[in-house]
Amino acid sequence: MKITALAENRSDRGLKTVHGLSLYIETEKHKLLFDVGPDYTLFENGASLGIDLSETDVVILSHGHRDHGGELGRFLEINHGAIVYAQRKAFENHSSKMFFKKADIGVDARLQTHPRVILSDGDYEIDDELKLFTVPETGKYRSDANKSLYTDTGKDDFSHEQNLMITGETNVLIMGCGHAGIVNILDKAAAYKPRFCVGGWHLQNPVTKKTVNKKLLSGIAGELAKHEINFYTCHCTGTKAYDYFSGRLPDIHYLSCGETIII
């Protein structure tokens, strides 16, 4: 399996960076995209890395925020075969409120009726290799950085968020922002015994750049230390939180744009 970051907040390889996420993943059966980022960045970086996104056969939309799904419409124009999997609620209205200002951060709701978009309400098995799951129980170590995020009905409960489990000789967990909380997500994924976990943990507010408090970071670090997992984090985890964890967890790495994990 190969996992390459095509859109991410930072790069050590001179590629274009953006606040968002898109991971290109090659498995035994699929060439898939986990999220498509907010703009054309994944196409520019894909071309620089020699990745032909027209060959992608599966797209997973982790949740309904623009930094993860803003480029979905253009992707569907360029790629003519990939099937897109999303939670039905991902296409509802989503917003961010900060300093008494409200900003629309949702994805294009018109795309939910596209013939290649499959909507689900909860866990969904694509095939014997790809399994999607949601996390209803979010009570453990939930990030304060979620407090500025809303839907039309109030504070976002992130029922529109889904995670990907890639099963095989080595099981790999992929998440977008981990809004449900990395600890809660790992609890739900425990039955699969993943050996790798890749994705963001939303421990930094993208507007204020403020990282969650050290008490929360300490609690999360203590829980992660219980798992025999190689962690690759990125995007919304934030560099301060990453630096904190890197001093306490032996198997944690930052996945920047252009880097590839080979499993």
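Residues: numbered from 1 along the sequence shown. Any value given below was found using the heavy atoms of this structure, including those in side chains, with hydrogens, waters and symmetry copies removed.
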- Query: Going through the distances and angles, do Lys193 and Glu228 end up as a side chain to side chain contact (heavy atoms under 4.5 Å, CB included)?
  - Reply: CA-CA 9 Å; Lys193 298 180 180 179; Glu228 293 183 1; over 6 Å; no
- Item | Presence of salt bridge, Arg74 and Glu71, under 4.0 angstrom | yes
- Parallel under 30°, tilted from 30 to 60°, perpendicular over 60°: which one fits the rings of Tyr85 and Tyr124? tilted
- Query: Does the side chain of Leu217 come within less than 4.5 Å of Val212's, by heavy atoms?
  - Reply: yes
- Message: On a heavy-atom basis, which atom in Glu161 and which in Gly178 lie closest, and how many Å separate them?
- Response: OE2-N, 3.3 Å
- Task: State plainly whether one hydrophobic cluster holds both Val36 and Ile51, where clusters connect Ile, Leu, Val, Met, Phe, Trp and Tyr through side-chain heavy atoms under 4.5 angstrom apart.
- Result: yes
- Counting N and O atoms only, with roles assigned by atom type, does the side chain of Gln87 sit under 3.5 Å from a partner on the main chain of Gly122, one being a donor and the other an acceptor? yes
- Message: Can a donor-acceptor pair be found, under 3.5 Å and without considering hydrogens, that links the side chain of Asp156 to the backbone of Leu149?
- Response: no
- Query: Which class fits the ring pair His179 and His202: parallel under 30°, tilted 30 to 60°, perpendicular over 60°?
  - Reply: tilted
- Message: To the closest 0.5 Å, what do you measure between CG (Asn230) and CG (Leu249)?
- Response: 11.5 Å
- Query: Are the side chain of Ser246 and the backbone N or O of Asp243 linked by a donor-acceptor pair below 3.5 Å?
  - Reply: yes
- Could you pull out the closest heavy-atom pair between Thr56 and Leu32, with the gap in Å? CG2-CA, 3.8 Å
- Between Asp104 and Arg66, does at least one N-O distance fall below 4.0 Å, as a salt bridge requires? yes
- Task: Report the distance from atom CG of Leu6 to atom CD1 of Ile3, rounding to the nearest 0.5 Å.
- Result: 12.0 Å
- Task: Would you check if Leu203 and Tyr141 make a side-chain contact, meaning some heavy-atom pair closer than 4.5 Å?
- Result: no
- Message: Exactly one of Val107, Asp108, Thr113 should register a side chain to side chain contact (heavy atoms under 4.5 Å, CB included) with Phe91. Which one does?
- Response: Val107
- Task: Over all heavy atoms of both residues, which pair between Ser11 and Thr17 is shortest? Give the atoms and the distance, please.
- Result: N-CG2, 3.4 Å
- Note on the structure: Closest non-hydrogen atoms of Thr237 and Gly199, given as atom of the first, atom of the second and distance, are OG1-O, 4.3 Å
- Message: Let me check something: do Tyr24 and Leu130 share a hydrophobic cluster, defined by ILVMFWY side-chain heavy atoms less than 4.5 Å apart, either directly or through other members?
- Response: no
- Task: Check the pair Ser48, Arg13 against side chain to side chain contact (heavy atoms under 4.5 Å, CB included), reporting the backbone distance first and the verdict last.
- Result: CA-CA 11 Å; Ser48 296; Arg13 303 182 178 226; over 6 Å; no
- Message: Here's one to test your reading of the geometry: is the NZ or CZ of Lys97 within 45 degrees of the ring axis of Tyr150 and under 6.0 Å from its centre?
- Response: yes
- When rounded to the nearest 0.5 Å, the distance separating OG1 of Thr260 from CD1 of Ile25 is 11.0 Å
- Task: Indicate yes or no: does Lys31 engage Glu55 in a salt bridge with an N to O separation below 4.0 Å.
- Result: yes
- Message: Just verifying a value: how many Å separate Lys209 NZ and Lys240 NZ, rounded to the nearest 0.5 Å?
- Response: 11.5 Å
- Taking a hydrophobic cluster as the set of Ile, Leu, Val, Met, Phe, Trp and Tyr residues connected by side-chain heavy atoms closer than 4.5 Å, whether directly or through intermediates, do Met165 and Val59 fall within one such cluster? no
- Task: Output yes when a side-chain donor or acceptor of Arg116 lies under 3.5 Å from a complementary backbone atom of Ala82, and no otherwise.
- Result: yes
- Note on the structure: In terms of heavy-atom contacts, Phe43 and Leu53 come closest through CD2-CD1, 3.6 Å
- Message: Any salt bridge linking Lys226 with Glu223? Criterion: basic side-chain nitrogen under 4.0 Å from a carboxylate oxygen.
- Response: yes
- State the CG-OH distance between Asn45 and Tyr40, to the nearest 0.5 angstrom. 11.5 Å
- Query: Less than 4.5 Å apart, any side-chain heavy atom of Asp152 and any of Glu92?
  - Reply: no
- Task: State plainly whether one hydrophobic cluster holds both Ile118 and Ile174, where clusters connect Ile, Leu, Val, Met, Phe, Trp and Tyr through side-chain heavy atoms under 4.5 angstrom apart.
- Result: yes
- Can you tell me how far the NE2 atom of His30 sits from the CE atom of Met1, to the nearest 0.5 Å? 11.0 Å
- Query: Do His94 and His63 have ring centres separated by under 6.0 Å?
  - Reply: no
- Query: Is there a side-chain contact between Thr41 and Ser22, using heavy atoms and a 4.5 Å cut-off?
  - Reply: no
- Message: Less than 4.5 Å apart, side chain to side chain, heavy atoms only: is that true for Phe245 and Ile220?
- Response: yes
- Message: So Phe34 and Ile166, do their side chains get closer than 4.5 Å, heavy atoms only?
- Response: no
- Query: Cationic tip of Arg10 within the cone over Tyr254's six-membered ring, i.e. under 6.0 Å and within 45° of the normal?
  - Reply: yes
- Please assess Thr138 against Phe158 for the test side chain to side chain contact (heavy atoms under 4.5 Å, CB included), listing each intermediate value before the final yes or no. CA-CA 9 Å; Thr138 62; Phe158 301 103; over 6 Å; no
- Item | Option passing side chain to side chain contact (heavy atoms under 4.5 Å, CB included) with Cys197 (candidates Leu173, Val172, Thr233) | Leu173
- With under 30° as parallel and over 60° as perpendicular, where do the rings of His19 and His235 fit, or are they tilted in between? tilted
- Query: Any Lys/Arg nitrogen of Lys188 or Asp123 sitting under 4.0 Å from an Asp/Glu carboxylate oxygen of the other?
  - Reply: yes
- Task: Considering only NZ, NE, NH1 and NH2 on the basic side and carboxylate oxygens on the acidic side, decide whether Asp187 and Lys140 come within less than 4.0 Å.
- Result: yes
- Indicate yes or no: at least one non-hydrogen side-chain atom of Glu137 is less than 4.5 angstrom from one of Asn184. no
- Item | Beyond-backbone contact of Met98 with Asn205, side-chain heavy atoms, under 4.5 angstrom | yes
- Note on the structure: Here the pair of heavy atoms bringing Asn79 nearest to Ser54 is ND2-O, 3.1 Å
- Is it the case that one hydrophobic cluster holds both Ile60 and Tyr232, taking links as side-chain heavy atoms less than 4.5 Å apart, direct or via other members? yes
